[in-house]
Colleague: 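Let me give you the structure first, and then I'll get to my questions.
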Amino acid sequence: MSETTAGRPPADDVTDDDLRVTPPKQWAAGIPGIWHATSPAVAEMGVGRTARALLNLNQKHGFDCMSCAWPDPEGRRKTAEFCENGAKAITWEADPRLVPDDFWAEYSTSTLLAASEYWLGQQGRLARPVIKDAGSDHYRVATWEEAYRLIGAELRALDTPDAAAFYTSGRASNEAAFVYQLFVRAFGTNNLPDCSNLCHESSGVAMTESLGVGKSTVRQEDYARADLIIVMGQNPGTNHPRMLGPLAECKENGGSIVAVNPLPEAGLKRFKDPQRVDGIVGQGTEIADQLVQVRLGGDLALLQLVVQRVLRAEERAPGTVLDHEFIAQHTSEFDDYREHVLAQDEDALLRAAGVRAEDVDELAERYIAADRVIITWAMGLTQHVQAVDTIQEIINLLLLRGNMGRPGAGASPIRGHSNVQGNRSMGIYEKMDDAFLDRLGAEFSFEPPRDPGVDAIGAVRGMRDGRISAFFALGGNFLSAMSDTGTTAEALGRCRLTVQVSTKLNRSHGAVGEIAVILPCRGRSEIDEQASGRQWITTEDTASLVQPSFGRLTPVADTLKSETEIVCEIARAVLGADHPIDWEGLFADYDTIRGHIGMVAAGCQDYQRRTSDPGGFVMDNGARERRWRTATGRARFHRAVAEEIDVPPGRLLLQTLRSHDQFNTTIYGLDDRYRGIHQGRRVVFVNPADLADLGFADGDRVDLVSEYRDQIDLHSRNWRLVAYPTARGCAAAYYPEANELVHLDHVARRSNTPVSKAVVVRFERR
Ligand SMILES: Nc1nc2c(c(=O)[nH]1)N[C@H]1C(S)=C(S)[C@@H](COP(=O)(O)OP(=O)(O)OC[C@H]3O[C@@H](n4cnc5c(=O)[nH]c(N)nc54)[C@H](O)[C@@H]3O)O[C@H]1N2
Ligand SMILES: Nc1nc2c(c(=O)[nH]1)N[C@H]1C(S)=C(S)[C@@H](COP(=O)(O)OP(=O)(O)OC[C@H]3O[C@@H](n4cnc5c(=O)[nH]c(N)nc54)[C@H](O)[C@@H]3O)O[C@H]1N2
Ligand SMILES: [Mo]
């Protein structure tokens, strides 16, 4: 892809003129990992700022890494407690280049919509508020006061507060998230869709019903203590690289690792720890002892096959396999469940899972032989029609041998965004429970709305159908993150007002309503001065560790404001200066906000004091302590029937996933070196045998057509086929480019998450 020619960024996402394909890598990290981590940072930022940025990542008194939500060690930290992708994230955020004022006259909103995410990110940090007036196709520079006044007037003019939706991406601090949901509810709506709706919603729904808590039941130190870790539907080498360390430690302590994945992912094969001398010079640690190459969406069937074997082993040697005491004391519905699973047809399950019986035998033997088992998972499980059932089957399997609420064992959804879990704890949820709303109302003397709001899918439908006419986004890139890009763009375009609080440009800034506003904010790494002095913020990681985070870098422009201040100023502009909540007092001193969080958010009593300790505190979990806040007061066995996904002849099942050079919709670079892809992104990975069966060859150019029920086919142009050892019948392509193939109505049952990992596609030769 070439650099910009004036007025016209590259028209298509990637031209792929220079695309090269090489054999995939057998290992992750090590010297190339660190090298790739530091070289781009130094080029863009200068040595001083780079060193300050990297050395403050994930240190006590430094800032929490904004990349993934992998937990920090509770005790000792290494000098460099970050990974290659954390380094990319900080370099991208701390980018000193600014979008110049004359940019807005040069590029129209339609040009931004047509530009690539890569090019947009390379334009530097947003520096000043900009407004696109009705009738114009260009943003213009504005003052903060003008922007606040405009947003205030437009939101007040709505017929009902429910005509607005307020999206959150998982980067916001707990303080910003708390004042944001407070503002939205004081305004009068629960329309708080968030990136969780597209991400781990299925995990939350499943675990809350089965265990009474929607979060991981294991702590950071548990991974190294496990005898067996099963990593399902997750690519840690790329997306949670710091997890490879604890996985390697587990192995060194005699444990074993099983990867369940249609793809043989590099990080799961061999890992060289760049933090250790033997990691750099040696062969690294062989990570996965077994790879189960499941078919896309086949995990529920696979898990039931394993459960059947565990139950039959118990029948053969009664009293030796199941943890009867745990089952009797801590669980409910076991007998019904047992009968139900044993009645499932083994051949049908094997077909749905796409695995051989020997693979299941081996996995079941490993499970039975291990005293302490952790199962982790991410998007490979959550973004399927039967996602919730699948995750509940994981819980079932763990419960059989009491692998819950003891050291080295448990269920561990690995979160995505660095503070997405904290955002939920702070009330970013369209159907927050009554207890939270009661406390919120009592703390601020108002009656919060009780009707459930819209989630991400509901927001798009609402905008498309004219019920929602104002869309506000605290971070993120809603257009590119949502399914069905065409419908989402059309829906946003029907709005009267779209507002985005952002650090950098993305395509959502081109998918605008009649009036559009961009408000530039500081990043987490930057110093945040307010009336009472320098502020710090708090975040929560995957293991529920809540910690302070201190901005250390000089903001790239003094025109930027913090997210917390922006939200409070908008609240003032919308609700009026005489509103009973003292919005100015809230952002003048974040201690005030933490005081309120302590009174409102569950498990956050005495929040200010407990987060003042640089080590932070671990939130109460329930399941981890074997206290079950479920409908039966116990951990629940859940019954499901695995459905085989129907793929008509001549079609494949396509998953959409991340490359090694991106963070969600942010494209750092055009390589995916672990998978052997260089200088391009429009590739489709297909098993060579499927390519042959379909009459195609590696290197062929195709259009992708996706089919969903009787709905209109969705098209995506110009992809290059790559022969790759994925499971038979399955294919993979990168998100967000492939999102235009995911139908809006194709969602997971009970969690409403877009089905981004099982799209039925056919190829059309170009
Ligand atoms: N560097 C970097 N880090 C990130 C992110 C990023 O984009 N870049 N994103 C962050 C976010 S928000 C999230 S949610 C996480 C995402 O972390 P991941 O879930 O690891 O992300 P994906 O790239 O979607 O990878 C899905 C994995 O599941 C496998 N898979 C797909 N379908 C199935 C299936 O049906 N069954 C099984 N068993 N496996 C399947 C895929 O082959 C792939 O290995 O990472 C977070 N961390
Ligand atoms: N097809 C498909 N679709 C998916 C997925 C998939 O696997 N496949 N994954 C889904 C998942 S797991 C997720 S989490 C979503 C992600 O959805 P989002 O969270 O909406 O998307 P991001 O790409 O993380 O958002 C990037 C933008 O956030 C802004 N930003 C970055 N840092 C900050 C900050 O500190 N403050 C503010 N205000 N803005 C900031 C920048 O402007 C940047 O362009 O996408 C989902 N969509
Ligand atoms: Mo995510």
Side-chain angles (χ1 to χ4, degrees), residues 21 23-24 26 230-235 258-266 268-269 288 290-306 345-363 379-381 383-386 390 642-657 672 674-677 683-700 702 704-708 719-734 738 741 755-765:
V21 179
Q26 299 300 316
I230 308 178
V231 180
M232 301 187 73
Q234 189 200 349
N235 179 20
V258 174
V260 179
N261 203 310
L263 292 173
E265 302 282 31
L268 294 168
K269 294 182 196 158
Q290 187 191 358
L291 168 67
V292 182
Q293 254 190 311
V294 68
R295 177 179 188 241
L296 286 168
D299 301 84
L300 175 56
L302 173 71
L303 287 158
Q304 291 192 339
L305 287 161
V306 175
D345 177 61
E346 166 149 0
D347 290 335
L349 291 177
L350 282 168
R351 256 196 328 274
V355 296
R356 296 168 312 167
E358 303 91 88
D359 299 326
V360 186
D361 294 341
E362 184 182 336
L363 179 53
M379 295 306 101
L381 296 201
Q383 299 174 334
H384 280 290
V385 171
Q386 288 199 282
T390 305
E643 295 158 18
E644 188 178 341
I645 301 174
D646 179 38
V647 183
R651 275 71 175 160
L652 295 176
L653 212 46
L654 175 89
Q655 64 155 320
T656 60
L657 81 180
D672 189 0
Y674 290 169
R675 299 194 185 105
I677 302 299
V683 290
V684 189
F685 301 99
V686 186
N687 187 295
D690 286 322
L691 275 182
D693 282 359
L694 294 171
F696 288 92
D698 179 276
D700 283 356
V702 296
L704 299 179
V705 185
S706 96
E707 304 171 358
Y708 177 64
W719 295 79
R720 180 201 190 278
L721 297 179
V722 175
Y724 201 85
T726 181
R728 282 299 305 269
C730 300
Y734 295 129
L741 293 166
V755 175
S756 306
K757 298 284 195 266
V759 184
V760 174
V761 290
R762 61 175 197 268
F763 301 152
E764 288 183 352
R765 206 176 290 280

Colleague: Please report the interatomic distance CZ(Phe685) to OG1(Thr726), rounded to the nearest 0.5 Å.
Modeller: 9.5 Å

Colleague: Looking at every heavy atom in both Asp690 and Val686, which two are closest together, and how far apart are they?
Modeller: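 Scanning both residues completely, I find the closest heavy atoms to be CB-CG1, 3.9 Å.
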
Colleague: On a heavy-atom basis, which atom in Ala731 and which in Leu652 lie closest, and how many Å separate them?
Modeller: CB-CD1, 4.2 Å

Colleague: Roughly how far, to the nearest 0.5 Å, is CG of Asp646 from CZ of Arg651?
Modeller: 11.0 Å

Colleague: Between Glu265 and Tyr674 (side chain of the first, backbone of the second, donor and acceptor by atom type, cut-off under 3.5 Å), is there such a pair?
Modeller: no

Colleague: Please check if the side chain of Asp698 supplies one atom and the backbone of Ala723 the other of a donor-acceptor pair under 3.5 Å.
Modeller: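 Yes, because the side chain of Asp698 sits within donor-acceptor range (under 3.5 Å) of the backbone of Ala723.
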
Colleague: Stepwise, does the side-chain contact (heavy atoms from CB on, under 4.5 Å) test hold for Gln290 with Leu363?
Modeller: CA-CA 8 Å; Gln290 187 191 358; Leu363 179 53; 4.0 Å; yes

Colleague: Measure the CG-CG distance between Leu302 and Asp359 for me, rounded to the nearest 0.5 Å.
Modeller: 8.5 Å

Colleague: With sequence neighbours excluded, tell me which residues meet side-chain contact (heavy atoms from CB on, under 4.5 Å) with Ala357.
Modeller: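 So Ala357 forms a side-chain contact (heavy atoms from CB on, under 4.5 Å) with Arg309, Leu350.
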
Colleague: Mark yes or no for whether Arg351, through its side chain, and Leu349, through its backbone, hold a donor-acceptor pair below 3.5 Å.
Modeller: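 A pair under 3.5 Å: no.
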
Colleague: Hey, does the side chain of Arg295 reach the backbone of Ile645 with a donor-acceptor pair shorter than 3.5 angstrom?
Modeller: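 Yes, because the side chain of Arg295 sits within donor-acceptor range (under 3.5 Å) of the backbone of Ile645.
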
Colleague: When you compare the side chains of Asp672 and Tyr734, does any donor N or O come within less than 3.5 Å of an acceptor on the partner?
Modeller: yes

Colleague: How far apart are the closest heavy atoms of Gln234 and Asn261, and which atoms are they?
Modeller: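 Nearest heavy atoms, Gln234 then Asn261: O-ND2, 3.5 Å.
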
Colleague: Working to the nearest 0.5 angstrom, can you tell me the gap between Thr390 OG1 and Asp299 CG?
Modeller: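 One finds 6.0 Å between OG1 of Thr390 and CG of Asp299.
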
Colleague: Taking all heavy atoms of Leu653 and all of Val647, pick out the closest pair and write down the distance.
Modeller: CD1-CG2, 3.9 Å

Colleague: Specify the closest pair of heavy atoms between Ala733 and Trp719, including all atoms of both residues, with the distance to one decimal.
Modeller: CB-CZ3, 3.8 Å

Colleague: Residues in ring pair (Phe, Tyr, Trp, His ring centres under 6.0 Å) with Tyr708, at least two apart?
Modeller: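 Only His743, His746 meet the ring pair (Phe, Tyr, Trp, His ring centres under 6.0 Å) criterion with Tyr708.
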
Colleague: Okay, side chain of Glu644, backbone of Ala301: is any donor-acceptor separation there less than 3.5 Å?
Modeller: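 It does not hold such a pair.
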
Colleague: Please confirm whether the backbone N or O of Thr656 pairs with a side-chain atom of Ser756, one donor and one acceptor, at under 3.5 Å?
Modeller: no

Colleague: Can you tell me how far CG of Leu263 sits from CG of Asn235, rounded to the nearest 0.5 angstrom?
Modeller: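 Answer for the CG-CG pair, Asn235 versus Leu263, is 8.0 Å.
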
Colleague: Short question: side chain of Gln293, backbone of Pro262 - any donor-acceptor pair under 3.5 Å?
Modeller: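 At least one qualifying donor-acceptor pair exists.
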
Colleague: Taking the basic N atoms (NZ, or NE/NH1/NH2) and the acidic carboxylate oxygens, is any pair closer than 4.0 Å for Asp693 and Arg728?
Modeller: yes

Colleague: Nearest heavy-atom pair of Ala353 and Leu305: which atoms, and what distance?
Modeller: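 Result for this residue pair: CB-CD1, 4.4 Å.
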
Colleague: Gln386 side chain to Glu643 main-chain N or O, any donor-acceptor pair under 3.5 Å?
Modeller: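 It does hold such a pair.
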
Colleague: When rounded to the nearest 0.5 angstrom, what is the spacing between CG in Leu303 and CE in Met232?
Modeller: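 Rounded to the nearest 0.5 Å, the CG-CE separation comes to 4.0 Å.
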
